[in-house]
Amino acid sequence: MTGVIEVRDLVVRYSGATALDGIDLTVHENEMVALIGANGAGKSTLVKVLSGLLRPESGTITVAGRLSQVPEGREMFPDLSVDDNLRLGGWRNGRKGRDTTAIYDLLPDLAPIRARKAGALSGGQQQMVAIGRALMARPDVLVVDELSLGLAPLVVAALVDHLRFLHTERGLAVLLIEQNARLALDLCRRAYVLEAGRIALHGPARELSRDPRVTAAYLGGHVAVPR
Amino acid sequence: MTERTHPGTVPDRPARRRAGRGRRWALAGLALGTLALPPLLPERHLATFVLLLLAATVTVGVSLLMGYAGQVSLGQASFYAIGAYTAGLLAVHGVPPLVGLALAPLIAAAAAVLLGAPLLRLRGHHLAFATLAVQLILLSLLAQADWAGGAIGLQGIPRLSLFGVELREDLGYAYAAWFVLAVAVLIARNVIESRAGRGLRAAAASETAAAASGVAVGRYRLAVFALSAAFAGLAGGVYAFYLGYLAPGSFPVLLSIEYVVMAVVGGLGTIAGPLVGATVIILLVQVLNTLGTQPGMPDYAPSVLSYAVYALVLVICVLFLPRGLVPALRSRVGRVVRP
Amino acid sequence: MSDLIGYLLTGLGIGAGFALVGSGLVAIYRVTRVVNFAQGAFAVLAAMLTSSLLGAGLPHGVAEVGGVVLGALAGLIVGVIAIGRPGTSPGTSLIVTLGLGVLAYAVEVLIWGDQPRSFPGVSGVAEVGGARLPAHYLLILAVTAPVFLVMAWFFARTDLGRALSACASNRYAAQVVGIDVRRMGLLAFAIGGALGGLAGVLTTPVQQVTFDSDVTLIVNGFAAAVLGGLTRPMVALAGGLLLGVAQTLAAGYGGGAYQMEVALVLMLTVMIIQAARTGPVPETA
Ligand SMILES: Nc1ncnc2c1ncn2[C@@H]1O[C@H](COP(=O)(O)OP(=O)(O)O)[C@@H](O)[C@H]1O
Ligand SMILES: [Mg+2]
């Protein structure tokens with residue numbers, strides 16, 4: 001079975017420094033996969049290569065359908081309105097693809113703030129806009145880079161609910177990139193662990209969350225409570 | 001800005017010493033060659049020679065400013081003008097020419113310090129426009145200043161006289177200009193190799209890092225600005241005596257741009273760069289000028305050709321040889337010598 | 001009093017030219033971070049072509065549009081050379097536009113010579129509030145006002161305009177949503193060229209152009225734009241009008257001298273105050 005995302009033997013360098021070194025990774029249709037790793041492991045680099053913003057040195061990437069990303073740091077258009085931010089998400093879809101009503105149905109929290117400038121929003125609201133903007137591209141697979149970074153637990157919980165809904169009800173495939181390993185391992189069925197540009201471990205999330213190497217490095221040394 | 005010399009790539013010490021010795025010999029050879037040249041040149045080429053040396057003197061300063069202080073000045077001709085008018089006005093009022101010539105760089109540097117104190121807070125394109133604005137203001141003020149000859153210009157500047165000998169022929173000015181350029185080159189060399197030079201190089205690479213390591217970035221930058229103005233002022237002083245006539249129209253904004261072109265083309269932050277840049281550009285313009293004034297050519301041909309040369313050489317150089325001719329040649333030669 | 005009204009209207013007319021040049025600079029700078037030194041050349045080229053087209057018997061309107069189109073085309077060409085090569089830094093691009101501005105001299109002198117040129121605009125004298133001034137100044141204002149309104153609408157309300165604003169707002173995010181930022185940069189250069197061309201076409205009947213008029217235009221345009229940090233077209237409009245009025249008042253009451261100095265000193269002051277307030281800005285060029 002092939003996946004929506006197929007990455008084979010991917011190598012990426014930044015002017016000499018190797019950021020990704022022989023990555024193999026698959027995201028299947030209708031699957032939610034976690035990619036965890038420490039700061040600087042190369043996660044965001046993978047996102048950039050997947051969305052075509054960075055050219056790899058070697059290896060292959062196949063994406064079946066359309067990939068859309070929620071970038072690290074949310075990357076709002078700060079002086080444009082929420083609605084304009086969303087519309088721009090549909091840039092690739094031409095004139096018809098820029099209708100934002102479906103997004104407000106999906107993410108009703110955005111409706112009351114649609115006219116506000118994105119730069120004036122809270123972090124959680126911005127993350128919601130970033131998700132909505134990514135959905136405007138009508139993706140088959142969503143790559144979320146650091147969903148929880150800098151957000152309060154309650155806000156994260158709400159975002160997670162939305163993501164889970166999109167996944168289970170809309171059949172959206174998701175690659176979730178997180179430094180919060182517990183969150184990612186709880187949410188996804190399968191996971192990859194990226195260390196210094198290489199895939200150090202991968203497998204079912206439940207097994208990984210019990211793996212001593214993972215618990216020591218990413219789960220604060222405590223054995224995760226089985227679900 | 002365009003790329004700067006990178007302090008990181010230091011060759012091993014003997015190689016550097018060898019290169020340094022080679023360069024010193026080259027400089028000495030160049031000095032002797034150019035000293036022997038003027039008597040051999042026909043009169044009309046002698047004028048080009050004088051203007052070339054004066055332009056090179058100004059460009060040494062521009063290159064220092066752009067390469068070491070990392071700043072573009074689009075108003076360097078202002079300091080050339082200030083030097084020229086200082087020398088010219090003093091001479092017209094009976095001050096001995098040599099005194100006027102000595103004061104020209106001092107007044108230009110003083111003006112640079114006064115202007116630089118507020119202006120050097122600006123960076124990049126802001127500074128570029130600020131220096132351009134300063135020159136426009138200066139030109140407009142000069143044109144309205146009756147005591148400086150106004151728009152018509154300052155006439156009747158006596159010739160330069162050294163120790164009672166009046167320089168009447170172009171040949172004398174060729175040696176005066178040679179001497180002025182030599183002074184500028186020697187000072188620039190010392191500055192580059194001094195502690196201040198290293199500090200500036202660090203500041204050009206990263207201002208924050210340099211400031212953090214205790215380099216007085218602002219003061220060094222002002223010093224380089226003043227020094228480059230002094231070079232321009234000194235060259236301007238010679239120019240005043242050489243032509244015997246000054247007008248605001250002799251110092252257009254385009255002249256300032258020409259200095260930038262010469263500096264960029266030669267390569268910023270090197271000693272050879274401005275010399276090569278000025279030589280290449282002036283000779284190229286001279287050749288095209290000769291072509292353009294051939295019988296049968298329209299009378300606008302010389303100016304069209306020279307504008308085109310400045311423009312194309314600058315654009316092509318910036319895009320394809322961003323470090324300038326000298327570093328590009330040097331690395332090519334280096335590759336041939338050390339395979 | 002009627003003197004004052006006359007000076008104000010003339011100043012606004014001249015200032016509209018600065019505002020158009022300045023907003024062209026802004027249009028380009030917002031999207032590309034390049035300060036386009038060739039901006040004044042667009043005005044000169046457009047004015048020169050218009051004078052030729054009128055001389056060849058084309059009617060008013062058509063000739064002026066021809067000039068503006070040439071401005072846009074010149075803008076596009078400058079853009080292709082200045083930002084076309086991937087990896088060209090804004091500082092390098094600035095020097096390239098400086099060179100292309102000089103190249104425009106060569107083209108202009110070659111085609112149109114080095115003598116000042118002009119062409120008739122709206123003829124006659126208008127009387128407003130007791131002040132008499134050439135009617136053409138009113139045309140300048142009547143054209144500039146809607147142009148700025150259309151621009152505001154374009155940048156805020158059309159998808160293409162939003163995409164340009166998006167590049168200005170967050171370049172990386174624009175790439176993330178799939179906007180080709182380099183293409184948008186070229187579009188911005190073309191818009192800047194058209195605005196510069198319009199400035200030249202509108203003001204030439206009251207202020208003749210020479211090939212090197214671009215220096216005054218670019219400096220005044222930059223002065224107008226710098227008030228809004230080079231990123232706000234509407235501030236450039238206000239700045240341009242202010243400069244124009246300040247200059248005509250200085251000329252009118254100051255006896256003709258020092259009008260250029262007013263604009264330049266104002267610009268220097270604004271920049272120095274801005275720098276003092278924000279601290280030394282990190283190098284963008
Ligand atoms: N634009 C860049 N230029 C050079 N090195 C970079 C660049 N972006 C990231 N890196 C380096 O690549 C490595 C991986 O970075 P990144 O993909 O951002 O990691 P992560 O998202 O896992 O924190 C890091 O060592 C980082 O310093
Ligand atoms: Mg990251």
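Chain letters run A, B, ... following the sequence lines, proteins first and then strands; every chain starts at 1.
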What is the minimum heavy-atom distance between [X] and [Y], and which atoms define it?
| X | Y | answer |
| --- | --- | --- |
| Val109(C) | Ser303(B) | CG1-OG, 4.0 Å |
| Leu141(B) | Glu261(C) | CD2-OE2, 3.6 Å |
| Leu136(B) | Val219(C) | CD1-CG2, 3.6 Å |
| Ala308(B) | Leu103(C) | CA-CD1, 4.2 Å |

Heavy-atom distances under 4.5 Å only: say whether Leu319(B) touches chain C with side chain, backbone, both or neither.
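Both backbone and side chain.
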Under 4.5 Å from any heavy atom of chain C, what part of Leu305(B) do you find: side chain, backbone, both or neither?
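Looking at Leu305(B), nothing touches chain C.
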Once you measure the plane-to-plane angle for His125(B) and Phe222(C), does it fall in the parallel (<30°), tilted (30-60°) or perpendicular (>60°) bin?
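Aromatic pair His125(B)/Phe222(C) classed perpendicular.
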Ring geometry between Phe211(C) and Tyr307(B) (parallel below 30°, tilted from 30 to 60°, perpendicular above 60°)
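Ring orientation of Tyr307(B) relative to Phe211(C): tilted.
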[Y] and [X], any side-chain heavy atoms less than 4.5 Å apart:
| X | Y | value |
| --- | --- | --- |
| Leu254(B) | Asp212(C) | no |
| Phe37(C) | Phe129(B) | yes |
| Val261(B) | Val102(C) | no |

Select one option (side chain, backbone, both, neither) describing which atoms of [X] are under 4.5 Å from chain B's heavy atoms.
| X | result |
| --- | --- |
| Met267(C) | side chain |
| Ile81(C) | both |
| Val226(C) | side chain |
| Leu100(C) | both |

When rounded to the nearest 0.5 angstrom, what distance separates [atom1] in [X] from [atom2] in [Y]?
| X | Y | atom1 | atom2 | result |
| --- | --- | --- | --- | --- |
| Leu264(C) | Leu138(B) | CG | CG | 11.5 Å |
| Leu119(B) | Met271(C) | CG | CE | 7.5 Å |
| His126(B) | Ile272(C) | NE2 | CD1 | 11.5 Å |

Counting neighbours of CZ on Arg183(C) that are heavy atoms of other residues, nucleotides or ligands and sit closer than 6.0 Å, is the number greater than 12?
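Incorrect, the count does not exceed 12.
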Identified side-chain contact (heavy atoms from CB on, under 4.5 Å) partner of Leu98(C) from the options Val315(B), Val318(B), Ile257(B), Val72(B)
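The passing option is Ile257(B).
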Please report, to 0.1 Å, the donor-acceptor pairs under 3.5 Å made by any side chain of residues 280-298 of chain B, with sequence neighbours excluded.
{"unit_1": "Thr290(B)", "atom_1": "OG1", "unit_2": "Gln286(B)", "atom_2": "O", "d": "2.8"}
{"unit_1": "Thr293(B)", "atom_1": "OG1", "unit_2": "Asn289(B)", "atom_2": "O", "d": "2.8"}
{"unit_1": "Thr293(B)", "atom_1": "OG1", "unit_2": "Thr290(B)", "atom_2": "O", "d": "3.2"}
{"unit_1": "Gln294(B)", "atom_1": "NE2", "unit_2": "Thr290(B)", "atom_2": "O", "d": "3.2"}

